[in-house]
Amino acid sequence: MLEIIDQPRGSGKTTKAIKMLREDENSVVLVPSEYIGNILYPSDLKDRVFSARCGTDSVLGIIYGKRVSKLIIDELILSKFNIADLFYTLGRNGIDVIVLGTDENGY
């Protein structure tokens with residue numbers, strides 16, 4: 001399943017991602033940078049917060065190394081080719097993807 005949630009900036013996307021992590025212990029989240037993961041996510045969830053800057057191959061390595069049922073993407077920043085490959089591979093392996101983001105206009 002692929003679910004895309006488009007919300008304006010400052011509307012609680014990261015808070016929603018944190019809530020989803022707490023509800024499902026087999027979920028992980030991708031953030032745009034390690035800095036954001038370190039600042040915005042609670043310390044008890046940091047082992048399930050990963051940086052999307054690592055690229056598609058590393059993202060898949062993270063997922064295969066854990067028992068992941070759901071991948072939450074907090075702001076999507078990978079290239080379109082890598083995104084398509086990532087979504088295809090995750091779907092083929094039965095891993096749900098939820099994307100929380102803001103459209104290109106920012107509202």
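Worth saying up front: this structure is predicted, and the values here are computed from it rather than measured.
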CZ of Arg48 to CG of Asn26, rounded to nearest 0.5 Å, is 8.0 Å
Of all heavy-atom pairs linking Ser33 and Ser51, the shortest is CA-OG, 3.8 Å
| message | Please check: side-chain N/O of Lys13 versus main-chain N/O of Asp74, any donor-acceptor pairing under 3.5 Å? | response | no
Taken to the nearest 0.5 Å, the spacing of Leu40 CG from Leu45 CG works out to 12.5 Å
Fill in: Note, Met20 side chain near Leu100 side chain (heavy atom, < 4.5 Å)
yes
Are there more than 12 heavy atoms of other residues, nucleotides or ligands under 6.0 Å from atom NZ of Lys46? yes
Of all heavy-atom pairs linking Ser69 and Ser27, the shortest is OG-N, 4.5 Å
- Task: Consider only side-chain heavy atoms of I, L, V, M, F, W and Y, link residues closer than 4.5 Å, and tell whether Val97 and Tyr88 are in one cluster.
- Result: no
Is the closest side-chain heavy-atom distance between Ile73 and Phe87 below 4.5 Å? yes
Rounding to 0.5 Å, atoms CD1 (Ile72) and NZ (Lys16) come to a distance of 11.0 Å
When every non-hydrogen atom of Val29 is compared with those of Ala17, the smallest separation belongs to CG2-CB, 4.4 Å
When rounded to the nearest 0.5 Å, the distance separating OG1 of Thr14 from CD1 of Ile39 is 12.5 Å
Practice task
Using a cut-off of 6.0 Å, state whether more than 12 heavy atoms not belonging to Glu23 lie near its atom CD.
Solution key: yes
